[in-house]
Amino acid sequence: MYDFSSNKEDGILGRATIKYLSADEINFEIEVATASGCTGLIEGIAKFTNQGVARYSGSECEELTFRFGKNKLDVDEKHCTNHHGIVCHFARTYYKQNN
């Protein structure tokens, strides 16, 4: 299992937890929050489409894309607003935490 945290410079706190289920799938949970009270949570199973890139599509979220790099995870999203408020989002870079 891997835990990632986002950079706090923009006032949004974020955490992504990734667990590899197989060589083709990951289980993920992403949480975001702001001091103003915007929160978001999404979890599910993403499938790898090519080396280092996994995709998720599900209820009220058109797509989440996960790009794994050395000690970081880049997440992009399309139309997942129902899972978070308008001023916070899942799309960001999360940095691997030393456990």
Next item on the list: Please collect all salt bridge (charged side-chain N to carboxylate O under 4.0 Å, His left out) contacts where either partner lies in residues 32-42, sequence neighbours excluded, each pair once.
Entry: none
Notebook entry, point to check: Nearest heavy-atom pair of G40 and H84: which atoms, and what distance?
Noted result: CA-CB, 3.6 Å
Margin query: Give me each pair satisfying side chain to side chain donor-acceptor pair (under 3.5 Å) with a member in residues 48-58, each pair once, sequence neighbours excluded.
Written below: R55-T65
Notebook entry, point to check: Short question: side chain of Q97, backbone of Y95 - any donor-acceptor pair under 3.5 Å?
Noted result: yes
Note to self: Could you work out, with salt bridge (Lys or Arg N to Asp or Glu O under 4.0 Å) as the rule, every residue matching E25, not counting sequence neighbours?
What the structure shows: K47
Margin query: Rounded at 0.5 Å granularity, tell me how far NZ in K72 sits from CZ in R67.
Written below: 11.0 Å
Item checked: Gap between atom CD of E63 and atom NZ of K78 - 0.5 Å precision -> 5.0 Å
Next item on the list: Only counting residues at least two apart or in another chain, list the ones meeting salt bridge (Lys or Arg N to Asp or Glu O under 4.0 Å) with E77.
Entry: none
Check: Can a salt bridge be assigned to the pair K19 and E29 using a cut-off of 4.0 Å between side-chain N and carboxylate O?
Finding: no
Margin query: Is there a side-chain contact between I26 and F68 in this structure, where contact means two heavy atoms from C-beta onward sitting under 4.5 Å apart?
Written below: yes
Notebook entry, point to check: Which heavy atom of A91 sits nearest a heavy atom of D76, and at what distance?
Noted result: CB-CA, 4.0 Å
Next item on the list: If you link ILVMFWY side chains whenever their heavy atoms are less than 4.5 Å apart, which other residues fall into the same cluster as I45? By chain and number, please.
Entry: L21
Checklist line | Gap between atom CD1 of I18 and atom NZ of K96 - 0.5 Å precision | finding: 11.5 Å
Note to self: Here's a test for you: under ring-ring contact (aromatic ring centres under 6.0 Å, His included), which of F66, F90, Y20 qualifies with F28?
What the structure shows: F66
Next item on the list: State which residues pass salt bridge (Lys or Arg N to Asp or Glu O under 4.0 Å) with D24; sequence neighbours excluded, sorted by chain then number.
Entry: none
Notebook entry, point to check: If you take all heavy atoms of C88 and T39, which pair is closest and at what distance?
Noted result: SG-N, 3.7 Å
Margin query: Taking S59's backbone N and O only, do any of them form a donor-acceptor pair with H83's side chain (distance below 3.5 Å, no angle check)?
Written below: yes
